[in-house]
Amino acid sequence: MTEQEITLESIIEGRISTYGMLARLYRVEVDQEFLDEMRGMRFPTNTGNSNVDTGYKLFHSYLSNTWERTITELAVDYARVFIGHGMNAYSAAYPFESVHTSTRRLLMQDARDEVLAIYRAAGIAKSDSWKEGEDHIALELEFEQVLCTRTLEALREGDEEKAVTLFKQQYNFLQDHLLNWVPMLIAEIEKFAKTDFYKALGKLTIGFLETDQEFLEDILEDELEKMVEAEE
Amino acid sequence: MKLAPEEFELDEDFDPLADDESEEEEEEIELVGFVEQPLDQTEEAPPEPEYTPEEKITLLFEKMPGRKKVLLEIINFCREPQPVSAVDDKVNVLQEHNFSVYTPVVLRQLLEEAGALEYLEVEQDDAEEDASSAEVEEPEYLEVKERPEGSWVATAAALSIVEAENPLQDLKDLLERDAKYLEIYIRILNFCNETPRTKKDIDAIVDDDPLVQEPRRFGGYFVDRLEKCDALAWSEKWSTTDVGRSVL
């Protein structure tokens, strides 16, 4: 195994972890176990992306000042940010792609149908315990995590062609879905979040997706050039 | 009502599968609760009133009359800075015979929000300060470190309210206000001074007295008022306090 492959593998492992952490933070409120896990993390200070750096600093600052009611405080902020009071479609940063890409900010619109088709094509179905739409950000991030995991397995098996195909899937999903609506979600998180914790989540999410886009464009440089030539 | 066969006519032109023109008309759906533009709530929200620290603390006591004594005791305990764990232990003792849904953490938080308590961080050593100020380079990674336990101290506003409390005067005001029942109050204070008593014991010496038949009063009425003046205290049974003894 070459040094380049080791580095690529470790990068993908890092992406798997980050996608997983972000998905967990959007899926449900933080519990004591996850809070303790985050307090044990090391937060890089200079990743090259200002949003990521800001996100990590805010996380570190908040987690350095936890107290007995932190879990309650975070649960309240989670409800404030993502659930709201439900009076209208502007009461919270609703974490569903349909809300941000449909004219009337409704749930279960075309975006949900599209991602559902993509999941099924990839042989993935939502868990029975998940009662929300499939275009929830937690699921979209988990989907990227699954693709990253499959890519890592393909590389370890020496199947480069499969790995490239999976990289392309990740890139396409990132372009066509996540980066199409997450910036709007993040702007709303900034508006509603009272704790630095959820403000940090917003910054880290958009920063990480930006760096992931750069990474995939770098990996798929040749493939993307071929696509552009084909279109011309 | 059944139609006779000769009354029933079939419309031979009717095609059940044909498009119904009326269905093609766009139905106007009345949207309930949906607003095209986001509501600008900040324009309608009235400004929050501003209170002085003393007013905030007084309001807290008014909102929590059942916890007032405990809150005053916490403030009194924190005249000098007290470690967090010591404050929590004190609250647990205060609430040992006085069940509350409020944990020590919540009571501390309420007092802090009202400006009655202040949290003091542990002071850094001079050596550590010099070291931290000398660091120029940002570390590669940030790690969360355990903070040393700080302490809580009562604010000047809170202490002024504690000093202003005068349970003995409150008791004298009660006995003057309720002069009709002076004999009952003194009887209860003497009774609970001999030995701690249950509520049943107190009811037994009060409920049948002619003085409490019209309007009808029971032992609990007098116990409640004496407790609020700190004349009686509950610790599995009712006992007369120093404040209560001072009027005997």
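Residue numbering restarts at 1 for every chain, and letters A, B, ... go by the order of the sequence lines. Hydrogens, waters and symmetry mates are skipped; everything else that's a heavy atom, side chains included, is used.
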Margin query: Show, in sequence, the C-alpha distance, side-chain angles and deciding distance for Q109(B) and E68(A), and conclude whether the side chain to side chain contact (heavy atoms under 4.5 Å, CB included) test is met.
Written below: CA-CA 10 Å; Q109(B) 184 187 9; E68(A) 297 93 333; over 6 Å; no
Honestly, the part of T66(A) sitting under 4.5 Å from a heavy atom of chain B is backbone
- Item | side chain to side chain contact (heavy atoms under 4.5 Å, CB included) between L142(B) and R42(A), worked out | CA-CA 6 Å; L142(B) 295 170; R42(A) 296 164 80 208; over 6 Å; no
- Message: Tell me whether K126(A) at atom NZ has more than 12 heavy atoms from other residues, nucleotides or ligands lying less than 6.0 Å away.
- Response: yes
Taking atom CZ of F192(A) as the centre, report whether more than 12 heavy atoms of other residues, nucleotides or ligands fall under 6.0 Å from it.
-> yes
inquiry  = Are more than 12 heavy atoms, taken from residues, nucleotides or ligands other than E140(B), located less than 6.0 Å from that residue's CD atom?
reply    = no
Do N65(A) and R147(B) make a side-chain contact, defined as non-hydrogen atoms from C-beta onward lying under 4.5 Å apart?
yes
Output for pair (E143(B) CD, R39(A) CZ), nearest 0.5 Å, gives 12.0 Å
Original post:
Does a sphere of radius 6.0 Å around CG in D173(B) hold more than 12 heavy atoms from other residues, nucleotides or ligands, not counting ones at 6.0 Å or beyond?
Top reply: yes
So OH of Y141(B) and CE of M41(A): to nearest 0.5 Å the spacing works out to 11.0 Å
Starting from the C-alpha separation in whole Å, work towards a yes-or-no answer on side chain to side chain contact (heavy atoms under 4.5 Å, CB included) for F43(A) and V144(B). CA-CA 9 Å; F43(A) 301 96; V144(B) 173; 4.1 Å; yes
